[in-house]
Amino acid sequence: MSGEKEYFVTLAPKKVNMYVCGITAYDVCHLGHARSAIVFDIIKRYLRYRGYEVTHVRNITDIDDKIIARAARENISTGEVAKKYTDEYYRDMDLLGVSRADIEPNATDHIQEMIETIKVLVEKGYAYPLDGDVYFEVGRFPGYGKLSKKNPDDLLAGARVNIDERKRSPLDFALWKASKEGEPAWESPWGRGRPGWHIECTSMASKYLGESFDIHGGGADLIFPHHENEIAQGEAYSGKPFVKYWMHNGFITVDKEKMSKSLGNFFTIKEILDKYEPEVVRYFLLSAHYRSPIEFSDVQLNEAELSIDRYYTTVIRINDFIESAGAKEKVEGASELEDLLSGFKDKFLNAMNDDFNTASALGYIFELIREVNRFLDGRPSGQKAKDLVLRTRELLAEIGGVLNIFNKTPEEWYRSLMKVKKIDLSESDLEDKILERQKAREAKEWAAADRIRDELAEKGVILEDKKDGTAWKIRAG
RNA sequence: GGCGACGUACCCAAGUGGCUAAGGGGGAGGUCUGCAAAACCUUUAUUCAGCGGUUCGAAUCCGCUCGUCGCCUCCA
């Protein structure tokens, strides 16, 4: 609310009540929806990791103008439209590794609650019925504009055309809308109609999280008017502060412009996941701070893929070492690694405690990656070296777990890359080729061996000769 | 027009008053290797859009200028 970072103090000790605006189920999701979902998924995971008991509510709007329009166009019911795109949404979220919220309410299951809220607002004089609609009277709520830092007078001055003359003020917004013939409708004290968009979040958030709760999140485009209106409704209703901390994720941009439905410059999650591993998308989104705009491009996604590949390549080295390390104690240059290991967790926590700075956290992960590689380059052996490397692997896995990345085995990673890059080669064919090349190498027929390697490289498969055999990877980036 | 955010290397990106300006990608050189790949090492910002100011000290605070974007209408 202050527009600045603040110390995080929960309303109840160690408990966090968090509401995040979900989707309106009228079309498939694009990357912007993914960002919001992933950002708040990480926030929830991190708070839980830190020992908070988090109740996460994420709504699904299943009745609104766009759903009605789509239903009319496709000649199906609004319920069918909402169901279809809710299913698509869950499919996308599952692929992206976004966990479910604890409560995922639909608007249409809470019509009664909304009617009750509106009734109270009317009784308290904050809202007025008008020809079957009900409007919130913005002028009656003194704090209006405090979240978006807008002055109601400026808003009035800048008001665009299409002003509804019946309203007491152009800023007044609908709590309840009378239904037209053939539209979905519910009985209410003001006649048959349906709820306005803003009221559902206020009613449902209050129902599940209380009249005041800790965190409310969503995309930055919801600040005004949606969240401003939620505050007006919630605080007019209860007389209490509605939300303690507002958190808004920044936009995804394409050529510096906001990715959006209306501009048509969007990429659906489905399209992106056809070309990139879900983990790559997650990493990409975590590589910038959640409030910053982030430019979508293939270059960026490829860089994310390379970064993740660097991680898994190191995991392979670590695993190889742990399996094959000799017993003879040889530990050189371990002090740097030991230092880094002992300070690593604090660095990670500090980064995340500072407004969930995932980009900084990822930086620390790669510092550790470089150090463990350096350590392994010294060809260490023995139990002490093993313990150190094991500790590194565990620490990396723990932190990766919080961010929900880096949680595959390297084998899974490369199989997954193989699939997403549509490499036309079975694993057994690949093994055969490697064997064939192995024979050539043993016979020191380098040209033949190189030919096989080049042939595979052309398909995007990279061979790595190690002392006990040849491993394959898929070229990232 | 009103309000707001941002501008850090070739690209992406952390850093918001004080040790050598994280990290990733890319470039150049090197070590290792049959050759590669991977990894590592060295190097690539005496400088943080520009100009002023505050301060012992600023990329970091303040002012102005330039540029980019967002919100003010549905939007993650």
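All of these numbers come straight from a predicted model, not from anything done at the bench. Numbered from 1 within each chain, the chains take letters A, B, ... in sequence-line order.
- Looking at the side chain of A/Ser307, the nearest of the listed nucleotides B/A76, B/A38, B/G24 is B/G24.
- A/Asn353 places a side-chain N or O within 3.5 Å of a backbone atom of A/Leu349 that can act as its donor or acceptor partner.
- Here A/Lys258 does not reach the OP1 or OP2 of B/A76: none of its side-chain N or O atoms lies under 4.0 Å away.
- Residue contacts for A/Gly250: at a heavy-atom cut-off of 4.0 Å it reaches a base atom on one of the strands shown.
- Closest contact between the side chain of A/Asp450 and the listed nucleotides B/C74, B/C35, B/A76 involves B/C35.
- Side-chain nitrogen and oxygen atoms of A/Arg310 include at least one within less than 4.0 Å of the OP1 or OP2 phosphate oxygen of B/A39.
- Checked by atom type and distance alone, the side chain of A/Arg194 never pairs as donor or acceptor with a backbone atom of A/Lys177 at under 3.5 Å.
- If you take atom P in B/U65 and the same atom in B/G27, they sit 42 Å apart, rounded to whole Å.
- A/Tyr364 comes within contact range of no nucleotide atom at all, as no heavy-atom separation falls under 4.0 Å.
- Of the two residues contacting RNA chain B, namely A/Val299 and A/Ala304, the nearest-nucleotide position lying further toward the 5' end is that of A/Val299.
- Using Watson-Crick or G-U wobble geometry with both donor-acceptor distances under 3.5 Å, B/U68 finds its partner in B/A5.
- Residue A/Ile462 has its side chain nearest to B/A37 when only B/A37, B/A39, B/C3 are considered.
- Separation of the P atoms belonging to B/U60 and B/C3 is 24 Å when rounded to the nearest angstrom.
- With B/C69, B/A14, B/C72 as the choices, the nucleotide that has an atom nearest any side-chain atom of A/Phe224 turns out to be B/C72.
- In this structure, A/Tyr26 places its OH atom 11 Å from C1' of B/A76, rounding to the nearest Å.
- When the C1' atom is compared between B/A38 and B/U46, the two are found 35 Å apart, to the nearest whole Å.
- You'll find that the side chain of A/Ser360 is closest to B/A14, out of B/A14, B/C72, B/G15.
- Between A/Asn373 and B/C40 there is a side-chain polar atom (N or O) within less than 4.0 angstrom of OP1 or OP2.
- Spacing between atom NZ of A/Lys466 and atom P of B/G34 amounts to 16 Å, rounded to whole angstrom units.
- Checking side-chain atoms of A/Asp214 against main-chain N and O of A/Met18 turns up no donor-acceptor pair under 3.5 Å.
- Ion pairing of A/Arg100 with A/Asp94 is present here, as a side-chain N (NZ or NE/NH1/NH2) and a carboxylate O approach within less than 4.0 Å.
- Looking only at distances, a side-chain donor or acceptor of A/Thr392 sits under 3.5 Å from a matching main-chain atom of A/Leu388.
- When the C1' atom of B/A5 is taken as reference, atom CD of A/Glu4 falls 14 Å away, rounded to whole Å.
- Nucleotides B/G2 and B/A21 place their P atoms 41 Å apart, quoted to the nearest Å.
- The base of B/C35 lies close enough to the side chain of A/Asp465 for a donor and an acceptor atom to sit less than 3.5 Å apart.
- Distances from the side chain of A/Leu306 to the nucleotides B/G2, B/C74, B/G26 place B/G26 closest.
- Between the side chain of A/Asp153 and the base of B/G2 there is no donor-acceptor pair of N/O atoms closer than 3.5 Å.
- Taking the side chain of A/Arg437 as heavy atoms from C-beta on, and the options B/G34, B/G2, B/C74, the nearest nucleotide is B/G34.
- Under 3.5 Å, the side chain of A/Arg441 and the base of B/G34 form at least one donor-acceptor pair of N or O atoms.
- At whole-Å resolution of the value, CG in A/Asn353 and P in B/G15 are 14 Å apart.
- Within 3.5 Å, a donor on the side chain of A/Glu303 pairs with an acceptor on the base of B/G24, or the reverse.
- Judged by distance alone with a 3.5 Å cut-off, no donor-acceptor contact links the side chain of A/Lys261 to the base of B/C74.
- Of all nucleotides present, none satisfies the Watson-Crick or G-U wobble test against B/C48 with each distance under 3.5 Å.
- The aromatic ring of A/Trp446 sits over the base of B/G34, with ring centres less than 5.5 Å apart and planes tilted by under 30°.
- For B/C40, the base has no donor-acceptor partner in the side chain of A/Arg370 [N/O atoms by modelled type, under 3.5 angstrom].
- For B/A76, its base never sits under 3.5 Å from the side chain of A/Arg35 at any donor and acceptor pair.
- Rounded to whole Å, the distance from CZ on A/Phe284 to P on B/G25 is 17 Å.
- What separates CZ of A/Arg374 from C1' of B/U42 is a distance of 12 Å, to the nearest Å.
- Note that A/Lys261 lies in the cation-pi zone of A/Tyr26, set by a 6.0 Å cut-off to the ring centre and a 45° limit from the axis.
- The shortest distance between the side-chain N/O atoms of A/Asn151 and the OP1/OP2 oxygens of B/G2 is not below 4.0 Å.
- Aromatic ring orientation, A/Phe242 versus A/Trp246: tilted (interplanar angle from 30° to 60°).
- B/C48 sits 23 Å from B/A5 when the P atoms are compared, rounded to a whole Å.
- Note: NZ (A/Lys150) to C1' (B/A5) measures 12 Å, nearest angstrom.
- Taking the P atoms as reference points, B/U54 lies 28 Å from B/G15, given to the whole Å.
- Comparing the C1' positions of B/A58 and B/U73 gives an interatomic distance of 42 Å, to the nearest angstrom.
- Rounded to whole angstrom, the span from the OH atom of A/Tyr283 across to the C1' atom of B/C12 amounts to 10 Å.
- Across the strands present, B/C19 finds no partner; the criterion is a Watson-Crick or G-U wobble pair with both atom distances under 3.5 angstrom.
- Ring planes of A/Phe284 and A/Phe296: perpendicular class, angle over 60° (limits at 30 and 60°).
- Looking at heavy atoms from C-beta onward, A/Leu403 lies in side-chain contact with A/Met352 at the 4.5 angstrom threshold.
- Distances were taken from every side-chain heavy atom of A/Asn357 (C-beta onward) to each of B/G70, B/C3, B/G15; the shortest belongs to B/G15.
- Of the listed nucleotides (B/G24, B/A37, B/G34), B/A37 has the atom at the smallest distance from the side chain of A/Glu464.
- Proximity note for A/Gln300 (side chain, C-beta onward) versus B/A39, B/C12, B/A13: the nearest is B/C12.
- Separation of the C1' atoms belonging to B/A37 and B/C32 is 11 Å when rounded to the nearest angstrom.
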